[in-house]
Protein chains: 2
Amino acid sequence: MPTKSISTIAGTIAEECIAVRMRILNRAVTRIYDDALRPLGLRVTQMNILVAAGKMGIAHPAPMCRNLRLDGSTLSRNVERMKSKGWLETVSTADGRAQPFQLTRQGKDLLRSAQTPWRRAQKRARALLGDGFIEVLERTVERVRRDAEG
Amino acid sequence: MPTKSISTIAGTIAEECIAVRMRILNRAVTRIYDDALRPLGLRVTQMNILVAAGKMGIAHPAPMCRNLRLDGSTLSRNVERMKSKGWLETVSTADGRAQPFQLTRQGKDLLRSAQTPWRRAQKRARALLGDGFIEVLERTVERVRRDAEG
DNA sequence: CCCTTGTATTTGTATATACAATATCGAGGA
DNA sequence: TCCTCGATATTGTATATACAAATACAAGGG
């Protein structure tokens, strides 16, 4: 007979695991935003790319990935889908390695119309998670971003 | 000229959006656990299913989905993959709608050997996120689970 | 000028995830 | 008994995600 039973091991992990909890909240929050944005045919992931690009003007994949802790191949495919929907377009550049992109007119209009559903989702998320969580979340992301640089 | 420029709108959302932040942390945390478990050919999602099943003895998909806020179709496919790897097996039952499952011997062994890498991942995650975050995270998941019932 | 090395991006492959639609079955009523 | 209703699970389809490998290119050293 082993020292600990399977149900004891499982119980410990279930009670303490940080990843399970992160992922439960992530699914719950993602659902809130996707629901709110669905009438626009837009998902929260895609909205985030619109936002990042809109803030930068001309967006370069590599720094955006570092900032969002997102794999390059993931961004590549997301941008591909968004280009085919007419929301993003490639920008010509001197450096042949780079593939910078920017919002199209249609992409800008979409981002504008996303404001209202986004605000609704923010309210619902805040109500679900509580103010305390939101506050710590912000500080923690700062921290993780600093960690990424160092 | 519209009231707000695109870069202003994008800036506001980028600074305030709860979902972007949740998702950044989720990716970072998932990566930590997947890295730690990779030598076992196991992912954190799959470990969570092993854990949930190991705790329950005989696992029923529907309550597990409610508990984890996971779509039924997602669990169905994850379980399918894990059955084909020999970690899970179907349990026979009277109710023809149900498809309860349990850990195989191999699944139990795998869960046992996951303990050590899991603990390493826990340490790294705690170091990355900070104790304050972990504490609030736990309370918040309790809260979300209560919300799911009501 | 060529070669090597490092960076940026894309492709191949696999998993995770969800919504909509379907299939299956149990339970209760007429 | 049969029929509808509700619950459970699976399938069809699309997106999101990452690792590994390949590709494309720039920059610097002989």
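Fair warning: this is a prediction, and the values are worked out from it, not measured in the lab. Within every chain, numbering begins at 1; the chains are lettered A, B, ... in the order of the sequence lines, protein sequences first and strands thereafter.
Contact footprint of chain B on DNA chain D: nucleotides with an atom under 4.0 Å from a non-hydrogen protein atom, first to last in 5' to 3' order, D:dG6 to D:dC19.
Judged purely by distance below 3.5 Å, without hydrogens or angles, the side chains of A:Asp95 and A:Thr93 never pair a donor atom with an acceptor atom. A donor-acceptor contact closer than 3.5 angstrom is absent between the side chains of B:Asn26 and A:Arg23.
Contact check of residues 72-90 of chain A against DNA chain D (heavy atom, cut-off under 4.0 Å) returns A:Ser73, A:Thr74, A:Arg77, A:Asn78, A:Arg81, A:Lys85. Of the residues in residues 16-44 of chain B, those with a non-hydrogen atom less than 4.0 angstrom from any atom of DNA chain C are B:Arg43.
Closest-nucleotide positions on DNA chain C for A:Gln99 and B:Thr45 were compared, and the one nearer the 5' end corresponds to A:Gln99. In terms of position along DNA chain D, the nucleotide closest to A:Asp71 lies nearer the 5' end than the nucleotide closest to the other residue of the pair A:Asp71 and A:Asp95.
Of the possible donor and acceptor atoms, none in the side chain of B:Thr30 sits under 3.5 Å from a partner among the backbone N and O of B:Arg27. Within the 3.5 Å criterion, the main-chain N or O of B:Arg81 finds a donor-acceptor partner in the side chain of B:Ser84. For the pair B:Thr12 (side chain) and B:Thr8 (backbone), a donor-acceptor distance under 3.5 Å is present. Put simply, the side chain of B:Thr74 never gets that close to the backbone of B:Leu70: no donor and acceptor are under 3.5 Å apart. Looking only at distances, a side-chain donor or acceptor of B:Thr104 sits under 3.5 Å from a matching main-chain atom of B:Gly86.
Minimum interatomic distance between A:Gln122 and B:Ile18 (heavy atoms only, all atoms of both residues): OE1-N, 2.9 Å.
With respect to A:Asp34 and A:Arg31, no salt bridge is recorded, no charged nitrogen being found less than 4.0 Å from a carboxylate O. Looking at A:Asp109 and A:Arg105, a side-chain N of the basic residue comes within less than 4.0 Å of a carboxylate O on the acidic one, giving a salt bridge.
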